[in-house]
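Everything quoted here is computed from the prediction, not taken from an experiment. Atoms within each ligand, like the ligands themselves, are counted from 1 in listed order.
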Amino acid sequence: MKLAIFGGMFDPPHFGHLTLAERTLSILKADRMLFVPAASHPMKSEVGHSNAQDRFAMTSLAVKDHPLFSVSDIEINRPGVSYTVDTLEEIRKQYNPETIFLCIGADNAASFHKWHRPERIVELCNIVVWKRSSDLVITSLFTDQMIMLDTPLIDVSSTQIRQLVHSGKSIEGLVPDAVREYIVEHSLYR
Ligand code: ATP
């Protein structure tokens with residue numbers, strides 16, 4: 001199995017994430033996309049944001065009808081700071097994939113050499129960088145080991161959705177209906 005990994009806050013997950021994941025799977029010819037919601041920052045104020053359990057629940061709802069998408073609670077259930085390298089080791093044990101593609105945005109790729117144990121990360125997976133034509137050239141010590149995918153920006157962000165909900169506006173068409181219903185039922189982003 002060729003497994004692609006998509007880490008993010010997913011606060012909330014939206015059609016931008018889903019479209020990006022679909023395109024990435026088809027370009028890479030990978031078998032499955034695993035969404036990995038990140039743990040909440042222990043020191044950061046949660047005002048205006050939702051907690052890890054709600055983000056996990058919404059991500060599960062967002063992917064539920066897609067046969068090639070699934071969600072992992074690996075980072076939100078791990079105590080303390082989560083390092084990508086530990087997530088990859090754990091995923092390798094759990095899923096035993098033939099190949100792992102770790103998908104990251106171009107902004108994160110530029111500072112990849114500063115991550116915890118980057119040399120081990122590139123042993124464990126292929127790094128796929130979502131690069132938009134407008135992005136600056138990435139300079140990282142590991143650029144040679146990265147696969148660059150030119151992906152268009154879909155015009156939606158979680159920040160925009162949180163703001164719309166906060167001001168009582170509609171988010172129809174920006175997130176799957178089940179996610180929209182969850183946000184209403186749990187009074188998120190109010
Ligand atoms: P926020 O607005 O809260 O910063 P976000 O919408 O960027 O959130 P994240 O959960 O941070 O969502 O997304 C993880 C990664 O998904 C981003 O780093 C980016 O690479 C990619 N991504 C998110 N939204 C889009 C989009 N609309 N089009 C293309 N890529 C996206």
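Remark: His113 pairs with no residue by the side chain to side chain donor-acceptor pair (under 3.5 Å) rule, at least two apart or across chains. Applying the side chain to side chain donor-acceptor pair (under 3.5 Å) rule to Thr159 yields the partners Arg162; only residues at least two apart in sequence or on another chain are considered.
Side-chain contact check for Ser70 and Arg32: at least one donor-acceptor pair (N or O, by modelled atom type) lies under 3.5 Å.
Applying the ring pair (Phe, Tyr, Trp, His ring centres under 6.0 Å) definition to pairs two or more places apart or across chains, those involving residues 140-175 are Phe112-Phe142.
Protein residues with a heavy atom closer than 4.0 Å to ligand 1 are Phe6, Gly7, Gly8, Met9, Phe10, His14, Gly16, His17, Leu20, Gly105, Trp130, Leu153, Ile154, Val156, Ser157, Ser158, Thr159, Arg162, listed by chain and number.
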Quick one, Thr84 with Trp115, criterion side-chain contact (heavy atoms from CB on, under 4.5 Å). Give me CA distance, side-chain angles, the key distance, then yes/no. CA-CA 8 Å; Thr84 300; Trp115 291 21; 3.8 Å; yes
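The distance from the CG atom of Asn126 to the CD1 atom of Ile100 is 9.0 Å, given to the nearest 0.5 Å.
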